[in-house]
Amino acid sequence: MKKIITGGFVILLLFACATAPKGMTQEDRAAIDAVVNKWAKALQAEEDLEALIDTYWPDFVHTSKKADGSVVETIRDIEDFKIQQQEWFDKGDFYARIVYSEPQRDFTSQPGQAIYTISGKLDQDKWGWQDIFQLAKRKGEWRIIDHVLIGLP
C-alpha cells in the first residue's frame with residue numbers, strides 16, 4: 001500500500017512539473033521559447049537586425065549593467081537600439097562564436113509574463129554575460145518587453 005501511495009505522489013509530482021503554471025499554457029511556453037530562439041538565431045547565425053528587432057515590443061527597455069550591478073546604459077527607443085546593434089554587427093564577426101546556455105525559465109515571478117535568463121560567452125573565453133528577458137503577451141503575441149544584459153567577471 002505504501003508503494004502505491006508513494007507511486008501516486010511521484011506521478012502527481014511529475015504531472016505538476018509538466019503542466020504550465022496557472023495562466024500560462026503550453027502554447028504560451030512554446031511561443032516564448034520561439035521568441036528567445038529567434039532572438040539568439042538572429043544574433044548568432046545571421047546577424048539579422050530586422051529579425052532581432054522583431055523579437056522586441058516597440059516600447060521595450062534595454063539595460064546594460066556591469067557585474068557589480070551598476071548601470072552602463074539604458075535604451076528606451078527602438079531606433080537607438082537599432083543604431084547601436086548595427087554598430088556592434090559592423091565591428092566584427094564574433095556573434096557566430098557565441099555559446100549560450102539553456103534558458104532558465106520563470107513563469108511565476110511576474111504573473112502573465114515570463115522571465116528567461118541565458119548565459120553567454122565567446123567560445124572558451126572565461127569572460128561572459130547574462131541576458132535576462134522579460135516577455136509580455138499582447139494581442140496573442142509574445143515579445144521581449146525588458147532586456148537586461150549583465151557583464152560577468
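Worth saying up front: this structure is predicted, and the values here are computed from it rather than measured.
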So, for Q113 and W142, which heavy atoms are closest and what is the spacing to 0.1 Å? CA-CZ3, 4.1 Å
Pairwise salt bridge (charged side-chain N to carboxylate O under 4.0 Å, His left out) hits with a residue in residues 100-120, at least two apart: D33-R105
With a 4.5 Å limit on heavy-atom distance, are the side chains of F89 and F94 in contact? no
Does one hydrophobic cluster hold both I83 and V72, with members joined at side-chain heavy-atom distances below 4.5 Å? no
Among the clusters formed by ILVMFWY side chains lying less than 4.5 Å apart, do I145 and L149 turn up in the same one? no
In this structure, CD of Q130 is separated from CD1 of I118 (nearest 0.5 Å) by 9.5 Å
K65 and G69: which non-hydrogen atoms are nearest, and at how many Å? CD-O, 3.7 Å
If we check side chain to side chain contact (heavy atoms under 4.5 Å, CB included) with F81, which of these qualifies: V61, L49, I53? I53
The test is side-chain contact (heavy atoms from CB on, under 4.5 Å); show your working for W39 and V35 and say whether it passes. CA-CA 6 Å; W39 178 90; V35 170; 5.6 Å; no
Over all atoms of both residues, closest heavy-atom pair of A136 and W57: O-NE1, 2.9 Å
Residues in side-chain hydrogen bond (donor to acceptor under 3.5 Å, both in side chains) with Q86, at least two apart? D90
Would a distance-only check, ignoring hydrogens and angles, find a side-chain to backbone donor-acceptor pair under 3.5 Å from S119 to S101? no
Please report the closest heavy-atom contact between S70 and D68, naming both atoms and the distance. OG-OD1, 2.6 Å
Establish whether L52 and I75 are linked, either directly or via other cluster members, by ILVMFWY side-chain heavy-atom contacts under 4.5 Å. yes
Residues V99, L122; criterion side-chain contact (heavy atoms from CB on, under 4.5 Å); working and verdict: CA-CA 6 Å; V99 178; L122 291 176; over 6 Å; no
What's the separation between atom NE2 in H62 and atom CG in D77, rounded to the nearest 0.5 Å? 13.5 Å
Residue pair Y100, V36: steps toward the side-chain contact (heavy atoms from CB on, under 4.5 Å) verdict: CA-CA 11 Å; Y100 281 114; V36 175; over 6 Å; no
Shortest non-hydrogen contact from R29 to Y116? O-OH, 3.9 Å
Going through the distances and angles, do T55 and F60 end up as a side-chain contact (heavy atoms from CB on, under 4.5 Å)? CA-CA 10 Å; T55 63; F60 85 105; over 6 Å; no
Could you list who else is in I115's hydrophobic cluster, with ILVMFWY side chains joined at under 4.5 Å, directly or through other members? I132, V148, I150, L152
Results of salt bridge (charged side-chain N to carboxylate O under 4.0 Å, His left out) for E27 - residues two or more places apart only: none
Give me each pair satisfying salt bridge (charged side-chain N to carboxylate O under 4.0 Å, His left out) with a member in residues 138-153, each pair once, sequence neighbours excluded. D54-R143, D59-R138, E141-R143
Check side-chain hydrogen bond (donor to acceptor under 3.5 Å, both in side chains) between Q110 and all other residues, then give those that pass, not counting sequence neighbours. none
